Amino acid sequence: MTRLLHLDRTLDELDGPAWPPPPSPTTALVAKVDALRRVRLGDLTPADLRTLIGQDVGLPYVLPLAVRALVEDPMLDAYFYPGDLLLAVLARPEGAWALFPDLREEVAALVANLSEQDRAELRACAPKGWTGQTGQTG
């Protein structure tokens, strides 16, 4: 994936302008997302990627990283359960994939190649009406 060129930079640097500090008091999620924007992309964990993707933050930078991790393990347990990163990626709206039609196809192939047991695990955790297609919000 040649688009992974900025692993030494942060979302604040790449996806500017930098965010101001969150207001106080704030929620733990807002504080976490704000802090993750200042972590080098190469240091983001699968759980961090899942959090950012779930909040639609920095998608042009974090979706390729997530797909790279999912190629290695489509049912990766990033934080909550096996396949949670995959479900977060699949739930991104259609427009999130406009820059990455090749990544969308790669994710679709990953889903198509899942075992029936893995598909059943995903269905058990997915929103009602989920079909496993990218760009589906559930």
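Here the structure is a predicted model, which is why all the values come from computation and not from measurement. Only heavy atoms go into these numbers, but all of them, side chains included; no hydrogens, no water, no symmetry mates.
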Contact summary for [X] and [Y], nearest pair of heavy atoms:
X: Arg50; Y: Ala88; value: CG-CB, 4.1 Å
X: Asn113; Y: Arg119; value: N-NH2, 4.3 Å
X: Leu11; Y: Gly58; value: CD2-CA, 4.0 Å
X: Asp15; Y: Arg37; value: O-NH2, 3.0 Å
X: Glu13; Y: Asp8; value: OE1-O, 4.4 Å
X: Glu121; Y: Pro82; value: OE1-CB, 3.7 Å

Less than 4.5 Å apart, any side-chain heavy atom of [X] and any of [Y]?
X: Pro93; Y: Asp56; value: yes
X: Glu106; Y: Leu103; value: yes
X: Leu90; Y: Val111; value: yes
X: Leu14; Y: Thr10; value: no
X: Cys125; Y: Phe80; value: no
X: Leu122; Y: Met75; value: yes
X: Arg104; Y: Glu94; value: yes
X: Val107; Y: Val67; value: yes

(request) Supply the atom-to-atom distance Leu7 CG to Tyr61 OH, rounded to the nearest 0.5 angstrom. (result) 12.5 Å
(request) Kindly compute the distance separating CZ (Arg123) from CG (Asp118), expressed to the nearest 0.5 Å. (result) 10.5 Å
Any donor-acceptor N/O pair, [X] side chain to [Y] backbone, under 3.5 Å:
X: Asp84; Y: Tyr79; result: yes
X: Asp12; Y: Arg38; result: no
X: Thr51; Y: Ala47; result: yes
X: Asp43; Y: Val39; result: no

(message) With a sphere of 6.0 Å drawn around CD of Gln117, does it hold more than 12 non-hydrogen atoms of other residues, nucleotides or ligands?
(response)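 No, because the 6.0 Å sphere around CD of Gln117 holds 12 heavy atoms or fewer from other groups.
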(message) Hydrophobic clusters here meaning ILVMFWY residues chained together by side-chain heavy-atom distances under 4.5 Å, can you tell me if Leu59 and Val71 are in one?
(response)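 Result: yes, single cluster for both.
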(request) Report whether Leu29 and Val57 are members of the same hydrophobic cluster (ILVMFWY, side-chain heavy atoms less than 4.5 Å apart, transitive linking). (result) yes
(request) List the steps and the verdict of side chain to side chain contact (heavy atoms under 4.5 Å, CB included) for Leu63 and Trp97. (result) CA-CA 9 Å; Leu63 274 177; Trp97 298 100; 4.1 Å; yes
(request) May I have the step-by-step check of side chain to side chain contact (heavy atoms under 4.5 Å, CB included) for Leu114 and Leu86, ending in yes or no? (result) CA-CA 11 Å; Leu114 290 175; Leu86 178 58; 4.0 Å; yes
(request) Please say which of Leu36, Val89, Val62, Leu41 ends up in a side chain to side chain contact (heavy atoms under 4.5 Å, CB included) with Leu49. (result)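 For Leu49, the side chain to side chain contact (heavy atoms under 4.5 Å, CB included) test succeeds with only one of Leu36, Val89, Val62, Leu41, which is Val62.
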(message) Checking Thr45 against Asp48: is there a side-chain donor and acceptor pair closer than 3.5 Å?
(response)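 Yes, side-chain donor-acceptor contact under 3.5 Å.
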